[in-house]
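Before any comments, here is the structure.
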Amino acid sequence: MDDPHYLSGLQLAGRRVVMVGGGTVAQRRLPRLVRAGARVELVSPHTSPSVSGMADAGEIVWHQRRYAEGDLADAWYALACTDDPEVNAAVCAEAERSRVFCVRADEGESGSAVTPASGRHGGLLFGVLSGGEPLRSAAVRDSVLDALHAGTVADGRAPRREEAELPGVALVGGGPGDPDLITVRGRRLLSRADVVVVDRLAPRELLDELAPEVEIVDAAKIPYGRAASQDVINRTLIEKAKAGKFVVRLKGGDPYVFGRGFEEVLACAEAGVPVTMVPGITSAFAVPAVADVPVTHRGVAHEVVVVSGHVAPGDDRSLVDWSLLARMRGTIVLMMGVERLPQFAKALLEGGRPAETPVAVVEDGTMRTQRVLRSTLAKVADDAAAAGVRPPAVIVIGPVAGLAHESE
Ligand SMILES: C[S@@+](CC[C@H](N)C(=O)[O-])C[C@H]1O[C@@H](n2cnc3c(N)ncnc32)[C@H](O)[C@@H]1O
């Protein structure tokens with residue numbers, strides 16, 4: 001058959017989607033399914049840190065076990081993504097009997113549905129199918145995306161590998177999470193990567209746009225959870241670059257704002273690997289902004305300090321003078337501060353910051369799951385606990401945090 005597929009847009013919002021297998025295919029496919037609002041249930045004994053992070057964040061439900069007949073009951077759509085062909089075949093067979101469309105990752109033509117190479121640009125979502133040539137689909141998709149980004153018209157056939165080879169490592173700030181908030185340069189370099197080393201807080205949806213042959217290395221640093229050590233990450237960047245690959249190190253926000261980016265630059269420099277630095281939009285300022293909190297405002301705040309909450313006040317490793325911060329009148333932007341919020345609030349109150357100082361806590365900023373909590377310095381620890389606030393969140397302390405509230 002010349003044209004074995006019919007391209008359709010599925011309305012998955014609120015509908016049960018079952019994914020069997022939690023490896024790299026899951027890592028690539030899940031963000032788009034979640035963004036579409038699907039009720040995704042993952043069946044897999046193991047998974048990668050970024051996929052388990054999605055389960056921890058409540059974005060998907062993870063059944064930590066092997067697939068069993070009956071798992072597709074009431075599903076609208078299924079994806080068989082294990083590395084065991086027998087399991088994938090069994091999932092597809094159940095799907096066939098239950099009349100559920102099913103994608104089979106290891107043997108596309110055996111499934112009843114295939115995933116197109118998809119691209120997203122300014123509210124436009126498009127897919128490309130080529131009847132079993134995924135590299136061609138990805139190349140056409142990349143060309144269309146490049147042309148959309150450049151504002152030109154694509155011919156749809158230009159192979160992405162004709163681009164001049166890029167050297168070394170690009171350290172790319174991915175912005176606060178919404179895939180539209182990466183820079184044009186960051187996105188362009190990402191589309192040319194051979195290897196992408198990605199953090200948990202980087203815009204994960206962009207991974208779905210990568211060609212199948214692009215290697216994705218998960219450097220997930222889930223707060224207070226599993227951590228790939230910085231040494232391993234540095235070594236990976238250097239080894240891949242020295243093997244002639246163009247490596248994009250995709251990080252959340254800006255690489256140099258509590259992102260350990262400069263450690264990676266130093267390690268690459270020492271190893272003689274060239275680095276291109278692409279700044280990103282930091283969550284320190286962007287996340288408050290999308291929640292209508294300006295970090296400065298004329299006549300209200302003439303100073304803004306971005307502080308790490310990685311260690312508690314009084315901890316030997318702390319480099320922060322909390323008594324000095326307490327005497328400030330302007331804005332404190334506290335990052336990584338959810339876990340120890342009661343200690344930070346107490347230190348500021350004891351240092352003289354007024355109890356009524358407005359505080360805004362913005363969780364999952366720029367994401368579909370964004371939540372904003374407004375409180376005061378005296379009450380914020382209790383209010384955040386009551387609301388079940390979880391990382392990642394940016395905490396803004398100061399009069400600016402009360403501005404939007406007043407205007408509402
Ligand atoms: C290790 S720091 C990395 C910051 C990053 N380099 C940047 O410039 O945004 C992680 C912290 O950034 C903040 N953060 C990052 N993305 C966020 C988001 N989408 N919503 C809320 N906070 C976020 C949280 O405070 C989180 O604990």
Side-chain angles (χ1 to χ4, degrees), residues 31 34-35 49-50 53-54 56-59 171-183 186 197-206 219-230 233 248-265 277-293 295 304-312 317 319-320 331-341 343-345 359-374 380 384 387-397 401:
V34 168
R35 187 180 173 100
S50 61
M54 294 178 82
D56 292 345
E59 293 175 292
L171 189 61
V172 174
D178 180 330
D180 281 354
L181 291 176
I182 190 173
T183 63
V197 182
V198 62
D199 275 351
R200 168 156 155 65
L201 289 179
R204 292 168 293 156
E205 281 176 47
L206 293 173
K221 293 184 204 158
I222 301 165
Y224 311 110
R226 269 193 265 183
S229 88
Q230 191 63 50
I233 295 171
V248 166
R249 174 71 173 111
L250 184 62
K251 299 175 82 79
D254 183 273
Y256 287 175
V257 181
F258 303 133
R260 308 191 67 171
F262 205 59
E263 292 173 47
E264 294 170 11
V265 168
M277 162 64 180
V278 183
I281 298 177
T282 178
S283 65
F285 297 154
V287 164
V290 292
D292 279 342
V293 178
V295 292
V304 51
V305 178
V306 181
V307 183
S308 164
H310 189 55
V311 293
R317 295 164 298 167
L319 301 175
V320 180
T331 309
I332 299 171
V333 175
L334 181 57
M335 319 269 284
M336 298 172 275
V338 173
E339 204 89 344
R340 300 182 182 84
L341 182 53
Q343 291 155 273
F344 299 126
V359 179
V361 182
V362 189
E363 180 184 345
D364 279 352
T366 78
M367 311 293 279
R368 199 176 46 83
T369 45
Q370 175 176 307
R371 285 203 300 166
V372 184
L373 170 80
R374 292 177 188 282
V380 68
V389 171
R390 297 201 310 191
V394 170
I395 299 160
V396 187
I397 302 163

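Ligands are counted one by one from 1 in listed order, and the atoms in each one are counted from 1 as well.
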List the residues meeting side chain to side chain donor-acceptor pair (under 3.5 Å) with R390, not counting sequence neighbours, and say none if there are none.
none
Going by heavy-atom distance to [atom], choose the closest among [options].
atom: atom 4 (C) of ligand 1; options: V257, T366, T369; answer: V257
atom: atom 27 (O) of ligand 1; options: M335, M336, R371, Q370; answer: M336
atom: atom 10 (C) of ligand 1; options: D199, L181, L201; answer: L201

Considering only heavy atoms from C-beta outward, does the side chain of [X] approach that of [Y] to under 4.5 Å?
X: R374; Y: V293; answer: yes
X: Y256; Y: M277; answer: yes
X: M335; Y: V306; answer: yes
X: V362; Y: Q370; answer: yes
X: I397; Y: F344; answer: no
X: P176; Y: T282; answer: no

Contact atoms of ligand 1, heavy-atom distance to [X] under 4.0 Å:
X: G252; result: 5 (C), 6 (N), 7 (C)
X: V362; result: 21 (C)
X: S283; result: 7 (C), 8 (O), 9 (O), 12 (O), 13 (C), 14 (N), 15 (C), 16 (N), 17 (C), 23 (C)
X: F258; result: 1 (C), 2 (S), 3 (C)
X: P176; result: 16 (N), 18 (C), 19 (N)

Does any N or O atom in G177 lie less than 3.5 angstrom from one in ligand 1, N or O only?
no
Residue-level breakdown please: for [X] versus ligand 1, do any non-hydrogen atoms fall below 4.0 Å on the side chain, on the backbone, on both, or on neither?
X: V338; result: neither
X: T282; result: both
X: D364; result: backbone
X: V394; result: both

Does ligand 1 have any atom that is closer than 4.0 Å to a heavy atom of G365?
yes
Does A393 come within less than 4.0 angstrom of ligand 1, counting non-hydrogen atoms of the residue?
yes
Please determine whether a side-chain nitrogen of the Lys or Arg among E205 and R368 lies less than 4.0 Å from a carboxylate oxygen of the Asp or Glu.
no
Backbone N or O of A387 within a donor-acceptor pair of the R371 side chain at under 3.5 Å?
yes
How long is the gap from CZ on R249 to CZ on R260, to the nearest 0.5 Å?
10.0 Å
